[in-house]
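Contents: one structure, followed by commentary.
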Number of protein chains: 2
Amino acid sequence: MNFKRPTPTLHDVALKAGVSTATVSRCVNFPDRVNTRTREKVMNAINDLDYSPNFGAKAMAARRTNTIGAIIPTMENAIFARGLQAFQEALRLHGYTMLVASTSYRPEIEEEQIRALVGRGADALLLIGHDRDPEIYKFLERQGVPALVVWAYDPTETRPSVGFNNRAAMTEMAAEVLRLGHRNIALISANTEQNDRARARLVGIQDAMADAGQDPADLQVIETAYGIENGAIAFEQIMTAGRRPTAVFCGNDVLAVGALRSARELGIAVPDDVSIIGFDDIELAQVADPPLTTVHVPHRAMGQRAALALIGLLQNGEPLHAIEVFAKPVFRGTLAAAKTAQ
Amino acid sequence: MNFKRPTPTLHDVALKAGVSTATVSRCVNFPDRVNTRTREKVMNAINDLDYSPNFGAKAMAARRTNTIGAIIPTMENAIFARGLQAFQEALRLHGYTMLVASTSYRPEIEEEQIRALVGRGADALLLIGHDRDPEIYKFLERQGVPALVVWAYDPTETRPSVGFNNRAAMTEMAAEVLRLGHRNIALISANTEQNDRARARLVGIQDAMADAGQDPADLQVIETAYGIENGAIAFEQIMTAGRRPTAVFCGNDVLAVGALRSARELGIAVPDDVSIIGFDDIELAQVADPPLTTVHVPHRAMGQRAALALIGLLQNGEPLHAIEVFAKPVFRGTLAAAKTAQ
DNA sequence: TGATAAAATGTAAAGGCTTGCATTTTGTAA
DNA sequence: TTACAAAATGCAAGCCTTTACATTTTATCA
């Protein structure tokens, strides 16, 4: 039953329209470079035959695919999902398609995926964060595939990026927490070794502590993987260990929501007994009870601006450069002043 | 500075290894069809040159791209993000890459995206739900691109799909709600005209009502777009209009969470004054306060099974067929018995 | 009207890979 | 050894489009 008649080619269209393949090609790609009457004939032929150009041939001949690859840790994290959604919407408006791959936060998979997308002819790549083996950057350079880093803006990095200053944003939040009298502070963080964003947030808190005359080493840090459950477990560990903090920072909202749940289970009042602070401001944050104090990140804006930057480069050769967006603390119900007497 | 030396080709590798391009090609694609010693020579050459095959050329010559397109309404909805994540992980294990596009729930954009992905050489397509212009199915058939529908299993549909019976699942939930004495019921739904899942859920409730001897027409329905905010607005409309329901179904958890928030704002106690029921069981559901009674959908399982089905078709010609997975009610804090006296 | 410039179109050469078929090499059994 | 089958390899024809460059047509102006 598979009478898959061969798809019509440029040649078929040319034959039907009585012109050369070159003219058909121009009709499709540069309509204003061909005579109106000819164009009409050709367009009719294209419609009649239901022609659509062969991607592979086009890619090969044009040495470009109009495809941009995005490699993220996981789509299950709303922040990436949202950013990608905006990224893709913007790409679409300019005729580009997005290729997505995810790494489950594993560097070796990321490397594999980068090679895979480059192999697939991605014209450019979107990557999360700066941290990765320098070999990979060299590889991309050799292959001539530009890469744009997002979710991080680090003034000390030379690589182009679209993002916010994780460190400064966290410092701003932490300064306020300290101002509220908290001196005994903990952080539930993602792995800081392979994740520059997590590291920057950690250091951001320490910056604020130093500014407030506290020893940064006093920050109690526990690292765990992404997930509500993990946040809950980490929180329990912290609260059942010796010195109970009065404020618990979390590397992201998902961990914070886990902490919140754990607090409820342990009968620890939030924010009366302990303040909980998240990061990202995803929907979860507003829905949590009490609503989560967190740092609002403009995920959609980042995705969109990243798309525009890449398109500018690919279409007009505008060089990439660092673009900073801003993340701001939002104060909601989970943060209160530290009790004066312990 | 752009000394982009041309990427090495099969030919370069062949030269270096002292074999023909055909042998190199076979080394890459069918390693066991070439002599071990030859293979070693070739592999060394490949490594030395840092060769990776040209995608366009490969696609053209092989008439296949090892790429599967997925078209979803939006990545911002956790259910799709999660399903896609699983889908992509499974594809990756079999050497396929995923191409994603989103439609913002707009049929005309969906059509455009389908054409775009087919034009890009997708070997197969993943689509959400059955509803769409028959012309599109014809187009896909003409192009010889198989499509698999997910998120819906409808025994009356002939098209292959991987999904659950939205109608039956909702009936099961509604039966329980009715058993608890609720007689005055409302539904906040997504647009039912263009969305077969939403429609099935609506009918599912009506089925249960009919079973319980109630007039299905008594179901109060309000349609709105996806989003927490929209859920809140719809809920307020329902509760401030004349006849207050004692149970409000929501087409998905996001709407339900909005309803929950609105209830809190309006000072309506959940579940004492009104029960709220969601659908999907995303993280939000567990975090909500009280935790949301909802229908659990195995999103990841669907994504994964869809991937396997498509791979089976593409690699071994195993025909697609309907695969049913099951969605089950989960009872949490937002559902209680109707007050006996009104 | 003729000369010349500009616009439109055509020609044909890549571009890098796969694969059917032909040829050579290797292995096996008598 | 020889004969033959099987395995390995090579040859070369596509696959379909883009794009210099060449050629033809059309437009313009003196």
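Since this is a predicted model, take the numbers as computed values, not measurements. Here is the naming used below: chain letters follow the sequence lines, and residue numbers restart at 1 for every chain.
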field: Closest to side chain of B/Phe30, choosing from C/dT9, D/dG10, C/dT19
entry: C/dT19
Nearest listed nucleotide, side chain of B/Ala61, among D/dT9, C/dT19, C/dC17: C/dC17
message: Distance check needed: D/dA6 C1' versus B/Arg33 CZ, whole Å only.
response: 14 Å
query: In whole angstroms, how far is the P atom of D/dT18 from the CG atom of A/Asn29?
result: 5 Å
statement: Contacts of A/Thr23 and B/His11 projected onto DNA chain C by closest heavy atom; the upstream (5') one is A/Thr23
- request: Tell me which of B/Met60 and B/Arg26 sits closer to the 5' end of DNA chain C, going by the nucleotide each one is nearest to.
  value: B/Met60
query: Over how many whole Å does the gap from A/Tyr51 atom OH to D/dC16 atom P extend?
result: 10 Å
message: Heavy-atom count check: over 12 atoms from other residues, nucleotides or ligands less than 6.0 Å from A/Arg305 CZ?
response: no
Can you give me the N/O atom pairs linking the protein to nucleotides 24-27 of chain C at distances under 3.5 Å, or say none if there are none?
none

task: Starting from C1' on D/dT9, measure out to NZ on B/Lys41 and report it in whole angstrom.
output: 10 Å
query: Side chain of A/Thr38: nearest nucleotide among D/dC16, C/dT19, C/dA8?
result: C/dA8
query: Considering only heavy atoms from C-beta outward, does the side chain of A/Leu15 approach that of A/His11 to under 4.5 Å?
result: yes
query: Under 4.0 angstrom, heavy atoms only, what part of the nucleic acid is B/Phe55 near: base, sugar-phosphate, or nothing?
result: nothing
query: What nucleotide among C/dC17, C/dA12, C/dT18 has an atom nearest to a side-chain atom of A/Ala22?
result: C/dA12
- prompt: A/Lys58 side chain N/O closer than 4.0 Å to the phosphate oxygens (OP1, OP2) of D/dC16?
  reply: no
field: Working for side chain to side chain donor-acceptor pair (under 3.5 Å), residues B/Ser52 and A/Arg115
entry: CA-CA 9 Å; B/Ser52 78; A/Arg115 288 180 188 279; over 6 Å; no
- request: Find the distance A/Leu49:CG to D/dC16:C1' and express it as a whole number of Å.
  value: 15 Å
message: Check this one for me: any side-chain N or O of B/Thr9 less than 4.0 Å away from OP1 or OP2 of C/dG16?
response: no
- prompt: Can you tell me if the side-chain N/O atoms of B/Ser25 get under 4.0 Å from OP1 or OP2 in C/dT18?
  reply: yes
- request: Decide if atom CD of A/Glu193 counts as having more than 12 heavy atoms of other residues, nucleotides or ligands within a radius under 6.0 Å.
  value: no
query: Do the side-chain N and O atoms of B/Gln113 and B/Thr103 include a donor-acceptor pair separated by under 3.5 angstrom?
result: no
message: Quick check on DNA chain D: between B/Arg63 and A/Thr21, whose nearest nucleotide comes earlier from the 5' end?
response: B/Arg63
- request: Compare side-chain N and O positions of B/Asn54 against OP1 and OP2 of C/dG15 and report whether any pair is under 4.0 Å apart.
  value: no
task: Can you tell me which residue pairs pass the ring-ring contact (aromatic ring centres under 6.0 Å, His included) test with a partner in residues 55-101 of chain B, sequence neighbours excluded?
output: B/Phe80-B/Trp151
- prompt: Between B/Arg120 and B/Thr67, is any side-chain donor less than 3.5 angstrom from a side-chain acceptor?
  reply: no
